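To start, the structure itself, in structure tokens.
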Amino acid sequence: MIAEESTAWPKVTGNVVENGLNFSYKWNMGWMHDFLDYMKLDPYFRKDNHNKMTFAMSYNYSEKYILVLSHDEVVHLKCSMLNKMPGLGIDKYRNLMCGYAFMMGHPGKKLLFMGGEFGQLREWSEKRQLDWELLDEPFHADLHNFVKELNRLYLKYPAMYQMDDQPEGFEWINADDAFRNIFSFVRHGKTGRNNLLFVINFSPMERADYRVGVPKKKKYTLILDSSEERFGGSGKERPTVYTAQKQPCDNRDFSFAYPLEPYGVAVFKF
């Protein structure tokens, strides 16, 4: 049972015994507004709005949240998800892939309104069906494949959902790389196995020698790479396993370097 609630009323998902309302989840409207405000910006201006993507973690554990991109956001001249994105051509699709990867990795359950998964161009209307024919066009098919892969990873790796409302389930690696528009964080599972490291580049700049700090001296296996051809990327071959080195980065003792493409998304398991 989900509360479509936009105020700061406390304990919406709290236990009745503790004067809570006992809803299963609460819509995270704050996250949604901040997320869309950031995603609509030209990457040049994102560095001054970096906090919009990090602020939700400051209150994440006050409720059990669901992250919502609902029908309300694609009607009444608000544009479709794809047409909210800055840039022209493929940039819009690459931006949206970054946004969906961030959403899927961020703590909280997920709600994505139909059509968003393949880049519906028109606003939604109850008077017509979705424009399914867009799936025959390369950019739309690439986006669709990317969302399918995100869903597959979500099902396969419990770290993506097991501890959404527990501080132990999430760890920022670098929440402050505003100048380069890059976010990196870890989702932890209960068993300590198959934890996931997310690195997302929200800029059109390539970072050929991007170095990311890591929690442990382990091997990190690349399980999602937005540069693959099936996602409309460059298709450039790269290693799938990276070994952390004793080199400080992001206030960590260990790190490894990875070539991060423009609007690049990389997810590693360890």
Side-chain angles (χ1 to χ4, degrees), residues 31 34-35 37-39 41-61 67 94-95 97-108 150 153 157 159-160 163-164 166-189 192 194-227 238-239 241-270:
W31 175 89
D34 288 344
F35 173 80
D37 284 348
Y38 181 89
M39 293 303 302
L41 291 170
D42 183 288
Y44 180 81
F45 298 105
R46 284 176 174 167
K47 63 181 180 294
D48 300 317
N49 292 268
H50 198 77
N51 65 306
K52 288 186 179 295
M53 296 290 267
T54 61
F55 180 63
M57 284 309 302
S58 68
Y59 60 84
N60 182 72
Y61 308 111
L67 310 182
R94 305 304 289 180
N95 265 288
M97 286 182 189
C98 288
Y100 287 159
F102 185 89
M103 175 186 183
M104 194 65 83
H106 194 285
L150 286 174
L153 294 180
Y157 295 103
M160 293 185 75
M163 296 195 287
D164 276 338
Q166 300 170 45
E168 298 79 12
F170 179 87
E171 177 184 7
W172 283 115
I173 296 297
N174 193 335
D176 302 314
D177 198 352
F179 183 78
R180 295 189 293 185
N181 302 350
I182 298 174
F183 299 86
S184 53
F185 56 86
V186 169
R187 293 302 307 271
H188 293 283
N194 290 328
N195 305 297
L196 302 179
L197 167 66
F198 283 74
V199 182
I200 306 174
N201 179 13
F202 281 92
S203 86
M205 301 297 294
E206 180 182 14
R207 305 296 177 183
D209 58 348
Y210 185 76
R211 180 165 290 275
V212 59
V214 291
K216 299 177 180 179
K217 187 180 181 181
K218 297 284 186 180
K219 291 184 182 297
Y220 293 77
T221 303
L222 183 63
I223 59 172
L224 177 64
D225 179 7
S226 64
S227 68
R238 63 191 66 218
V241 178
Y242 298 80
T243 302
Q245 303 166 330
K246 179 72 173 179
Q247 183 170 338
C249 181
D250 297 328
N251 294 315
R252 313 280 170 152
D253 292 332
F254 301 98
S255 64
F256 68 88
Y258 170 81
L260 191 59
E261 293 205 341
Y263 300 120
V265 176
V267 181
F268 305 85
K269 72 173 181 179
F270 65 99

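This one's a predicted model, so the numbers in the text were calculated from it and none came from an experiment.
Qualifying side-chain contact (heavy atoms from CB on, under 4.5 Å) partners for C98, counting only residues two or more places apart in sequence or in other chains: I200, F202, Y263, V265. Remark: A175 pairs with T54, W172 by the side-chain contact (heavy atoms from CB on, under 4.5 Å) rule, at least two apart or across chains. With sequence neighbours left out, D250 forms a salt bridge (Lys or Arg N to Asp or Glu O under 4.0 Å) with no residue at all. P262 meets the side-chain contact (heavy atoms from CB on, under 4.5 Å) test with E206; sequence neighbours excluded. By the side-chain contact (heavy atoms from CB on, under 4.5 Å) test, D48 pairs with no residue at all, sequence neighbours left out. With sequence neighbours left out, the salt bridge (Lys or Arg N to Asp or Glu O under 4.0 Å) criterion links D225 to R238. Residues forming a ring-ring contact (aromatic ring centres under 6.0 Å, His included) with Y258 (at least two apart in sequence, or on another chain): Y242, F268. Applying the ring-ring contact (aromatic ring centres under 6.0 Å, His included) test to F270 and every residue at least two apart in sequence or in another chain returns Y220. Not counting sequence neighbours, H188 has no partner by the ring-ring contact (aromatic ring centres under 6.0 Å, His included) test. Applying the side-chain hydrogen bond (donor to acceptor under 3.5 Å, both in side chains) rule to K219 yields the partners T243; only residues at least two apart in sequence or on another chain are considered. Residues that satisfy the salt bridge (Lys or Arg N to Asp or Glu O under 4.0 Å) test with K269, not counting sequence neighbours, are absent from this structure. Evaluation of the ring-ring contact (aromatic ring centres under 6.0 Å, His included) rule for Y59 yields F55, Y65 as partners, not counting sequence neighbours.
Within the 3.5 Å criterion, the main-chain N or O of A178 finds no donor-acceptor partner in the side chain of R46. In this structure, R187 contributes its side chain and G169 its backbone to a donor-acceptor pair below 3.5 Å. With hydrogens and angles disregarded, a donor-acceptor distance shorter than 3.5 Å links the side chain of N195 to the backbone of G189.
Contact check for M53 versus D34: no side-chain heavy atoms found under the 4.5 Å cut-off. You'll find the side chain of D164 stays beyond 4.5 Å of the side chain of H106, heavy atoms only. Taking 4.5 Å as the limit, some side-chain heavy atom of F256 sits within range of a side-chain heavy atom of V212. Side-chain atoms of K52 and F35, non-hydrogen and from C-beta on, never get closer than 4.5 Å to each other. Two residues are said to be in side-chain contact when any heavy atoms from C-beta on lie closer than 4.5 Å; P215 and I173 meet this criterion. Using a 4.5 Å heavy-atom cutoff, the side chains of R180 and S203 are not in contact. When side chains are defined from C-beta on, Q166 does not count as touching F170, because their heavy atoms never get closer than 4.5 Å. At a threshold of 4.5 Å between non-hydrogen side-chain atoms, the residues S226 and R94 count as touching.
Atoms CG and CG, from N49 and L41 in turn, are 5.0 Å apart once rounded to the nearest 0.5 Å. Note that CG of N251 is 9.0 Å distant from CG of D176, once rounded to the nearest 0.5 Å. Note that CE of M160 is 6.5 Å distant from CG of L150, once rounded to the nearest 0.5 Å. For the atom pair L222 CG and L197 CG, the distance stands at 10.0 Å (nearest 0.5 Å).
Within a 6.0 Å radius of NZ in K218, no more than 12 heavy atoms belonging to other residues, nucleotides or ligands are found.
For H50 and F179, the ring centers sit 6.0 Å or farther from each other.
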